[in-house]
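Below is one structure, written out as structure tokens; the observations come after it.
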There are 2 protein chains.
Amino acid sequence: MASIKDVARRSGVSISTVSYVFTGKRSVKLETRIRVFEAARELGYFPNVGAQMLRNGRTHIIALSSPIHSYTNFTNYAAFFFEMVRAAHRHHFHVLLFAGEDEDEQFVRFADSNLVDGVVLLDVAWNDERIQRAKLASVPYVSIGMPMDSENLIAVDVDFEEVGRVAIDRLAESGHKEILFVGSDQSVDSKSKDVTESNYLHRITASIQAQARRRGITVHSVLTKGDDYSSVRCLLADTFDQHDEITGMITQTSIEFVNNAIGVLQLIGRPIPERTSIVSLASYGKTEMLPVQIDEMPLLPAAVCSKAMQLLIGALDGEAPRAGHIELLHPTYIDRGSIRRV
Amino acid sequence: MASIKDVARRSGVSISTVSYVFTGKRSVKLETRIRVFEAARELGYFPNVGAQMLRNGRTHIIALSSPIHSYTNFTNYAAFFFEMVRAAHRHHFHVLLFAGEDEDEQFVRFADSNLVDGVVLLDVAWNDERIQRAKLASVPYVSIGMPMDSENLIAVDVDFEEVGRVAIDRLAESGHKEILFVGSDQSVDSKSKDVTESNYLHRITASIQAQARRRGITVHSVLTKGDDYSSVRCLLADTFDQHDEITGMITQTSIEFVNNAIGVLQLIGRPIPERTSIVSLASYGKTEMLPVQIDEMPLLPAAVCSKAMQLLIGALDGEAPRAGHIELLHPTYIDRGSIRRV
DNA sequence: GTGAAAGCGCTAACAG
DNA sequence: CTGTTAGCGCTTTCAC
């Protein structure tokens with residue numbers, strides 16, 4: 001494995017010059033620079049990251065902490081992985097993946113060993129154990145998702161309070177009075193006895209209820225365990241049977257649920273959008289490929305991850321305050337005409 | 001950040017002793033050992049990985065190269081991520097994630113920079129560009145999936161030839177003569193002009209055809225683009241309309257497809273398993289939660305990743321030959337009674 | 001059972 | 001515009 005010394009010798013310059021050629025932190029005569037690059041190429045030289053880490057005290061690696069819950073939606077998760085990697089690469093950072101049930105113990109081992117410059121917490125639950133550690137850690141943490149105890153924390157997320165509010169407003173403005181809210185059931189993590197809801201369902205639900213009360217609207221809430229056709233049929237058939245008065249629907253579910261709901265509602269004589277108005281919240285996936293165009297307020301993994309990375313870099317550079325920064329992203333409402341005046 | 005020096009000073013021993021206490025490569029008096037650990041704990045000391053890398057020439061990090069194709073199934077993908085992380089952690093390795101479309105260029109930058117001790121290639125296509133690089137690289141590569149050019153390569157995968165063979169055999173032995181094969185459409189990657197099929201569909205298809213010919217069975221092949229209810233209904237209704245003689249079905253699709261197929265077949269008067277026999281290949285997901293129990297030959301992400309890690313470690317330790325090792329894992333047939341005698 | 005010291009590859013301060 | 005050199009934190013050989 002060729003080292004900087006070899007390159008220096010071969011190109012007839014000193015090692016510091018080679019270093020400066022590669023870091024670009026000092027101007028080097030073009031001719032020399034070319035000779036150095038040439039030599040490096042010939043020798044197959046790459047700077048040794050270990051040495052750089054040691055010297056610079058920076059690894060340019062972030063940890064992505066991704067616990068698996070019973071309700072974890074892998075599709076959404078993968079989207080965040082990919083977007084996080086993209087965001088990190090844009091800033092020349094690498095991503096170390098920590099995932100799974102045993103995630104916790106692994107975590108302890110590395111978090112302070114200077115392997116990573118910072119940590120991004122994915123899928124932060126309403127009361128997440130990791131938050132305690134975040135506050136004691138020697139490297140900056142950024143939480144994606146807002147936990148209950150968000151004091152003194154760097155966190156990014158879509159503003160789900162606003163999501164709920166806007167969803168209700170849209171339906172209310174079109175005259176809907178009786179609304180069905182369907183959330184995916186993820187109330188209890190199999191492992192812990194605590195209620196560790198994924199934070200955004202919690203926040204959306206609360207904000208929907210509050211806004212509905214404010215506008216004098218009735219919200220019927222149900223949770224769904226399965227997103228397959230027959231589960232959806234049972235759920236919706238039952239609900240609309242008991243509550244014929246429902247005209248609008250808000251879903252916070254997988255895209256499969258929505259897809260099946262389209263079919264079921266058609267079947268029970270309440271087609272979207274003619275007889276049922278609908279908006280899908282916190283969705284991710286190829287929504288535009290559904291047989292019926294559906295309004296949505298999507299998850300924004302790209303925006304969230306990008307912002308998370310920004311905040312992390314800021315904390316590393318000491319530009320931003322190292323803690324206590326909560327950034328709520330403005331949600332997007334995509335109007336596809338699935339809400340009709342009633 | 002406390003260093004080994006600080007620990008040495010505080011515990012009144014030399015730095016080499018501290019080092020030996022942590023590596024365990026030399027016996028140290030119990031009393032001393034305790035003093036060292038105590039001091040380390042008090043100072044919050046963790047060995048600096050950068051320095052260890054520099055010194056040992058090993059980073060204990062592997063790269064996981066995960067390109068995104070148009071047909072990428074995120075659920076399956078995430079499963080491999082998680083299993084790979086688990087397998088790596090078992091061997092005290094970390095996992096650096098490389099994912100996305102721009103994956104390639106990123107890849108070049110790091111692959112030889114001593115950041116990783118080895119590379120695992122995920123979702124290797126039938127003719128995958130990454131294979132060339134694998135052969136020239138200075139660190140060992142392990143391919144998950146078999147590319148066309150598998151010469152001189154370390155690769156692990158389920159034996160999909162056997163999967164196809166067994167599926168046909170099972171149906172044949174129950175007297176089925178006319179079989180429908182449904183594959184997920186992933187024939188062409190949107191980005192490249194080449195046909196870059198995910199390798200296993202290619203291999204399953206070929207082996208099914210061959211075995212069917214051998215046993216005098218007719219296989220009708222179709223590809224599916226959508227796995228949602230209406231797509232599935234169209235596809236199956238059409239197919240069974242034209243080929244009333246079909247009694248058996250082999251799917252290599254998402255679990256959603258299978259779920260919808262159960263409903264559709266019921267609807268068109270060909271319920272599983274009474275009138276239609278079925279086996280699902282290369283599946284991953286909560287198959288046992290389907291409304292009808294379905295035979296399957298699942299993907300084995302845990303086994304595959306575990307074996308990949310083993311081979312990688314072998315290559316690193318120079319125990320195994322550094323190249324040319326192809327390991328095909330024996331598939332499992334899970335019999336749930338969805339194949340009936342005809 | 002323990003310590004002293006060389007050196008891994010790199011960066012950057014200092015010197016020219 | 002370029003070179004010399006100290007030192008980052010660790011492991012390991014050699015010496016006791």
Side-chain angles (χ1 to χ4, degrees), chain A residues 1-40 43-61 92 109-110 112-117 138-139, chain B residues 1-40 43-61 92 109-110 112-117 138-139:
Chain A
M1 203 89 312
S3 85
I4 199 171
K5 259 188 196 156
D6 304 312
V7 180
R9 198 166 336 118
R10 181 159 188 126
S11 49
V13 297
S14 73
I15 56 167
S16 68
T17 299
V18 176
S19 175
Y20 285 120
V21 166
F22 274 87
T23 61
K25 291 194 179 170
R26 186 157 93 173
S27 64
V28 175
K29 214 205 305 181
L30 178 64
E31 196 195 338
T32 322
R33 217 161 47 208
I34 292 176
R35 274 224 316 286
V36 168
F37 277 132
E38 200 111 295
L43 293 168
Y45 167 77
F46 281 88
N48 181 305
V49 246
Q52 286 179 320
M53 287 180 187
L54 178 56
R55 184 58 233 233
N56 297 334
R58 283 285 175 87
T59 65
H60 276 254
I61 299 178
H92 305 292
R109 286 223 329 268
F110 83 94
D112 285 296
S113 62
N114 308 302
L115 214 201
V116 300
D117 290 338
S138 55
V139 296
Chain B
M1 204 89 311
S3 85
I4 198 170
K5 257 188 198 158
D6 304 312
V7 180
R9 194 160 348 112
R10 182 165 189 119
S11 50
V13 297
S14 72
I15 54 170
S16 67
T17 300
V18 177
S19 174
Y20 285 122
V21 166
F22 274 87
T23 61
K25 293 194 179 168
R26 185 157 94 174
S27 64
V28 175
K29 214 206 302 179
L30 178 64
E31 195 194 337
T32 320
R33 218 160 45 204
I34 291 175
R35 272 222 318 286
V36 168
F37 277 132
E38 200 110 295
L43 294 167
Y45 167 77
F46 283 89
N48 180 305
V49 234
Q52 286 179 319
M53 285 180 188
L54 179 56
R55 186 59 235 237
N56 298 332
R58 281 284 175 89
T59 66
H60 276 256
I61 298 177
H92 305 290
R109 286 220 332 267
F110 83 95
D112 284 296
S113 62
N114 308 301
L115 214 200
V116 299
D117 289 340
S138 56
V139 296

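Each chain gets a letter, A, B and so on, in the order its sequence line appears, and its residues count up from 1.
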* Structure fact -> For B/Asp6, the salt bridge (Lys or Arg N to Asp or Glu O under 4.0 Å) test, sequence neighbours excluded, returns B/Arg9
* Mind checking salt bridge (Lys or Arg N to Asp or Glu O under 4.0 Å) for B/Arg35 and listing every partner two or more places apart, or none if nothing turns up? => none
* Asked: What string of B, S and - do you get for nucleotides 1-7 of chain D, 5' to 3', when a contact is any protein heavy atom under 4.0 Å?
  -> SBBBBBB
* Going from OH on A/Tyr20 to CD1 on A/Ile15, what distance comes out if it is rounded to the nearest 0.5 angstrom? -> 10.5 Å
* Asked: What distance separates A/Phe37 CZ from A/Ser11 OG, expressed to the nearest 0.5 Å?
  -> 11.0 Å
* Asked: Under 4.0 angstrom, heavy atoms only, what part of the nucleic acid is B/Ser3 near: base, sugar-phosphate, or nothing?
  -> sugar-phosphate
* May I ask you to evaluate whether B/Lys5 reaches the phosphate of D/dG9, defined as a side-chain N or O under 4.0 Å from OP1 or OP2? => no
* To do: Look at the side-chain N and O atoms of B/Gln52 and state whether any lies under 4.0 Å from the OP1 or OP2 oxygen of D/dT11.
  => yes
Using only atom types and a distance under 3.5 Å, with no angle test, would you say the side chain of [X] pairs donor to acceptor with the backbone of [Y]?
X        : Y        : answer
A/Asn114 : B/Val49  : no
B/His92  : B/His60  : no
A/Thr59  : A/Leu115 : yes
B/Asn56  : B/Arg58  : no

* To do: Would you mind reading off the distance between B/Lys25 atom NZ and D/dT13 atom C1', rounded to a whole angstrom?
  => 13 Å
* To do: Take the protein atom CE of A/Met53 and the nucleotide atom C1' of D/dC10, then report the distance between them rounded to whole Å.
  => 14 Å
* **Close side-chain approach of A/Ser3 and A/Asn48, heavy atoms under 4.5 Å** => no
Would you be so kind as to tabulate the donor-acceptor pairs closer than 3.5 Å made by side chains of residues 26-33 of chain A, with sequence neighbours excluded?
{"from": "A/Arg33", "atom 1": "NH1", "to": "A/Val28", "atom 2": "O", "distance (Å)": "3.3"}

* **Side-chain donor-acceptor pair present, A/Thr17, A/Ser14, cut-off under 3.5 Å** => yes
* Asked: What are the 5'-most and 3'-most nucleotides of DNA chain C lying under 4.0 Å from any heavy atom of chain B?
  -> C/dG1 to C/dG9
* Asked: Looking at five pairs on each end of the helix from C/dG1-D/dC16 to C/dG16-D/dC1, what is the angle between the two axes, given to 10 degrees?
  -> 40°
